[in-house]
Amino acid sequence: MFLEQIQKANDIKNVDPKDYDALAEEIREFLIKSISVTGGHLGSNLGAVELTMALHLSLNLPEDKIIWDVGHQSYTHKILTGRRDGFIHLRQYGGISGFPKREESDCDAFDTGHSSTSISAGLGLVKARDLRGGKNTIVSVIGDGSMTGGMAYEALNNAARIDTNFIIVLNDNEMSISENVGGMSKYLNSIRTSDKYLNLRDGIYYSLARSKKNDELIERIRRAKRTIKSMVVPGMYFEDMGITYLGPVDGHSIPEMMRALKEARKVRGAVIVHVLTQKGRGYEPAIKHPARFHGAEPFDIETGLPAHPRTTANYTDIFSTVMCKLGERNERVVAITAAMPDGTGLKRFRNMFPDRFFDVGIAEEHAVTFAAGLAAGGMIPIVAVYSSFLQRAYDQIIHDVCLQKLPVIFAVDRAGLVGSDGETHQGIFDLSYLSMIPGMTVMAPKNKWELSDMIKFAVRLNAPVAIRYPRGNAYVGLEDHREAISLGRSEPICAEKEVLLYAVGSMVRCAEQVREILKSKGLKCSLTNARFVKPLDAEYVIKAAANHELIVTMEENVESGGFGQKVMSVIENSPYANKVKVMHVAIPDAYVEHGSVDILKSQIGLNPESIAARILSVMK
């Protein structure tokens with residue numbers, strides 16, 4: 001077993017080259033077997049095995065640096081840096097992360113989790129290297145999907161100005177460049193990056209550049225070179241920016257990859273190595289169903305089917321159904337996603353109303369301003385996006401939507417703790433960052449019926465609205481409590497005295513369980529569904545302060561700037577400021593690591609038992 005030879009970084013260099021293919025197959029077998037048990041990102045990792053091996057064979061880690069865009073394709077990298085045994089607890093609490101983590105290994109150069117960041121980070125490492133007089137190699141790996149994000153092009157524009165080596169590996173699994181120019185491309189690459197070519201180019205160009213009299217000659221040479229290349233060389237877009245292009249290269253041929261990387265290291269400036277790979281390679285179900293195996297739950301290896309099929313609709317399913325019904329009833333309703341039609345539940349809407357569905361790629365900033373334009377043109381745009389990804393478009397929400405009071409609706413999925421994806425994906429800030437924006441209405445449903453009602457309410461409101469809902473099965477409790485939604489009004493569920501549990505969204509279900517514990521201890525306990533974080537129901541808060549000894553605000557969001565602090569502000573400015581106690585149940589001021597949601601809630605005191613214990617200690 002060749003994998004046994006890999007115990008630490010650079011051990012792969014001790015493997016005989018004739019055994020590289022066998023090692024690649026062992027890695028794939030290990031990944032399939034391991035992820036079938038723990039879940040994780042499978043398709044992207046199966047496609048990047050040889051690419052990763054070639055990088056490790058060509059570089060010297062940790063001195064040389066690899067920055068993985070998003071980072072969900074870094075599993076082979078983790079294996080080759082001595083973390084294979086940690087895969088038994090992959091993405092579990094206390095186990096290794098599914099993304100690069102600097103604190104996990106000195107071979108992880110940069111923490112990632114969101115898209116289109118690797119070129120910017122890599123360029124920063126390049127300039128730090130140069131300023132400190134270093135000679136190490138910096139490689140940023142970015143997928144063709146991530147190249148749809150505007151930040152990648154901002155970084156490329158900046159990278160075109162440097163005159164020291166910086167390698168960008170474009171991992172393309174869509175065969176976007178036709179094969180008929182591949183042979184010519186390889187031939188030209190071998191000439192353009194040979195020592196003779198580089199020496200000639202650099203010698204002529206830099207000698208001429210030192211003389212101001214040769215500006216016209218330099219420009220003539222440049223124009224002639226561009227004219228010839230534009231006829232035969234793929235990647236001219238990058239070349240015209242001033243970035244050397246090499247490729248396309250077979251990303252499953254380790255020798256080809258190593259040769260390309262060797263030539264790339266000779267380039268004085270930024271260089272793109274365009275690598276063609278197959279997502280899901282080596283496992284047929286992952287090839288046929290790339291979306292399912294992007295972030296897979298545990299599955300049966302033989303069939304590829306989930307080991308624990310869902311039997312209950314989740315919130316994304318409810319959103320999907322409501323969207324289709326709205327699309328049928330209102331021709332002004334349009335849907336927007338940033339490269340996640342499956343994850344956000346818009347696939348059915350796309351199939352039913354293709355002309356009113358827009359996938360803008362991994363470009364959240366553009367998605368929001370595009371939605372603002374649609375709204376200004378008379379449409380009702382609904383932007384479906386994960387909470388942690390909406391953060392990337394904060395300026396656009398303020399400047400392009402709310403400032404103009406445009407009726408854009410944000411369906412904020414994966415709000416609250418999401419679990420195994422960890423810090424970069426926990427949706428724990430949205431109540432704070434959205435509710436501080438003037439003109440924004442922020443809601444959260446307690447169950448599946450209320451999500452449906454809130455979406456319909458938002459369509460009628462004709463104003464900016466954000467509806468945040470969690471990952472996982474939709475709550476089916478409290479079905480009898482379906483009071484019509486009124487702007488800025490809470491929904492009392494149980495009215496008693498002593499303690500008020502004032503909960504928002506997913507925490508209403510938790511509050512029910514807390515109330516049962518408190519009742520068993522003899523406490524009289526009210527329960528109210530807040531519904532709105534903004535506008536806050538200040539009238540209800542003041543009335544509650546007059547009738548209770550303790551108000552407990554409950555939210556699956558950071559405490560800072562959140563629902564609880566807004567409630568506290570109302571009370572502090574009321575006649576009851578010194579008469580009622582207020583307790584905030586929220587996520588502490590910290591990033592929450594990966595692990596199951598139940599374990600994470602227990603660790604941070606967001607589970608019913610911990611909350612009840614805190615309340616009882618105050619009410620003694």
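Predicted, not measured: the structure shown is a model, and the values here were computed from it. By convention here, the first residue in the shown sequence is residue 1.
Side-chain N or O atoms of Thr344 include one that pairs as donor or acceptor with a backbone N or O of Met340 at under 3.5 Å. The closest donor-acceptor contact from the side chain of Asn136 to the backbone of Glu63 lies under 3.5 Å. The backbone N or O of Thr424 lies less than 3.5 Å from no partner atom in the side chain of Tyr591, so there is not a single donor-acceptor pair. Between the side chain of Asp64 and the backbone N or O of Leu59, no donor-acceptor pair lies under 3.5 Å. Judged by distance alone, with hydrogens and angles left aside, the side-chain atoms of Gln391 form no donor-acceptor pair with the main-chain N or O of Phe389 at under 3.5 Å. Put simply, the side chain of His89 never gets that close to the backbone of Gly94: no donor and acceptor are under 3.5 Å apart. No side-chain donor-acceptor contact under 3.5 Å links Tyr386 to the backbone of His425. Judged by distance alone, with hydrogens and angles left aside, the side-chain atoms of Ser140 form a donor-acceptor pair with the main-chain N or O of Ser118 at under 3.5 Å. In this structure a side-chain-to-backbone donor-acceptor pair under 3.5 Å is present from Asn165 to Ala264. Proximity of a side-chain donor or acceptor of Asp108 to a complementary backbone N or O of Phe110 within less than 3.5 Å is not detected.
The number of heavy atoms from other shown groups lying within 6.0 Å of NZ (Lys13) is above 12.
Of all the heavy atoms in Ala411 and Ile382, the pair that sits closest is CB-CG2, 4.3 Å. The two residues Val275 and Leu51 have their closest heavy-atom pair at CG1-CD1, 3.9 Å. Among all heavy-atom pairs drawn from Ser432 and Ser560, the shortest one is OG-O, 2.8 Å. Among all heavy-atom pairs drawn from Ala155 and Leu123, the shortest one is O-CD2, 4.1 Å. The shortest non-hydrogen separation linking Ala270 to Ile243 is O-CG2, 3.5 Å. The two atoms that bring Leu90 and Gly98 nearest to each other are CD1-CA, 4.1 Å, heavy atoms only.
Of the candidates Arg84, Lys78, Arg83, His77, Arg83 is the only one forming a side-chain hydrogen bond (donor to acceptor under 3.5 Å, both in side chains) with Thr81. Each of Thr38, Ile79, Ile35 was checked for a side chain to side chain contact (heavy atoms under 4.5 Å, CB included) with Phe87, and the lone residue meeting it is Ile79.
Atom NZ of Lys65 sits about 11.5 Å away from atom OG1 of Thr137, to the nearest 0.5 Å. Distance check, rounded to the nearest 0.5 Å: CG of Asn45 to OG of Ser74 gives 6.5 Å. For the atom pair OG (Ser44) and NE2 (His294), the distance works out to 6.0 Å, reported to the nearest 0.5 Å. Summarising the geometry, atom OH belonging to Tyr237 is positioned 6.0 Å from atom OH belonging to Tyr153; distances are rounded to the nearest 0.5 Å. Expressed to the nearest 0.5 Å, how far CZ of Phe358 lies from CZ of Phe370 amounts to 4.5 Å. The CG atom of Leu125 lies 5.0 Å from the CD1 atom of Ile67; values are rounded to the nearest 0.5 Å.
Side-chain atoms of Gln396 and Val408, non-hydrogen and from C-beta on, never get closer than 4.5 Å to each other. For the pair Ile587/Leu417, a side-chain contact is recorded, criterion being any heavy-atom separation below 4.5 Å from C-beta on. Considering only heavy atoms from C-beta on, Met151 stays 4.5 Å or farther from Arg392 through its side chain. Within the 4.5 Å cutoff, no side-chain heavy atoms of Phe410 are placed close to those of Arg468. Contact annotation: the side chain of Tyr283 approaches that of Leu42 to within less than 4.5 Å [non-hydrogen atoms, C-beta and beyond]. In this structure the side chain of Leu55 never reaches within 4.5 angstrom of the side chain of Leu61, judged on heavy atoms. Within the 4.5 Å cutoff, no side-chain heavy atoms of Val385 are placed close to those of Val368. Between Met147 and Asp172 there is no side-chain heavy-atom pair separated by less than 4.5 Å.
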Task: Asn173 and Thr277: CA distance, side-chain angles, deciding distance, side-chain contact (heavy atoms from CB on, under 4.5 Å) verdict - done: CA-CA 5 Å; Asn173 50 35; Thr277 61; 3.7 Å; yes
TODO: Could you please spell out the steps behind the side-chain contact (heavy atoms from CB on, under 4.5 Å) verdict for Met257 and Met53?
DONE: CA-CA 9 Å; Met257 277 293 307; Met53 290 173 61; over 6 Å; no
- [ ] Check the pair Tyr245 / His274 against ring pair (Phe, Tyr, Trp, His ring centres under 6.0 Å), numbers first and verdict last.
- [x] CA-CA 7 Å; Tyr245 172 90; His274 186 185; 5.8 Å; yes
- [ ] List the steps, then state whether side-chain contact (heavy atoms from CB on, under 4.5 Å) holds for Ile287 with Phe293.
- [x] CA-CA 9 Å; Ile287 295 172; Phe293 286 93; over 6 Å; no
Open item on the list: I'd like to know whether Val383 forms a side-chain contact (heavy atoms from CB on, under 4.5 Å) with Glu364, so could you lay out the CA-CA distance, the side-chain angles of the two residues, the decisive distance to 0.1 Å, and finally the verdict.
Closed with: CA-CA 9 Å; Val383 181; Glu364 291 84 2; over 6 Å; no
Task: Working for side chain to side chain donor-acceptor pair (under 3.5 Å), residues Asn557 and Asp430 - done: CA-CA 7 Å; Asn557 184 79; Asp430 54 78; over 6 Å; no
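Contact check on Arg91 versus Asp421 returns a salt bridge, with a Lys/Arg side-chain nitrogen under 4.0 Å from an Asp/Glu carboxylate oxygen. Arg102 has no carboxylate O lying under 4.0 Å from a charged side-chain N of Asp111, or vice versa, which leaves the two without a salt bridge. Taking a cutoff of 4.0 Å between a charged side-chain nitrogen and a carboxylate oxygen, Arg28 and Glu50 qualify as a salt bridge.
Between Tyr315 and Tyr469, the ring planes lie tilted relative to each other; the angle falls in the 30° to 60° range.
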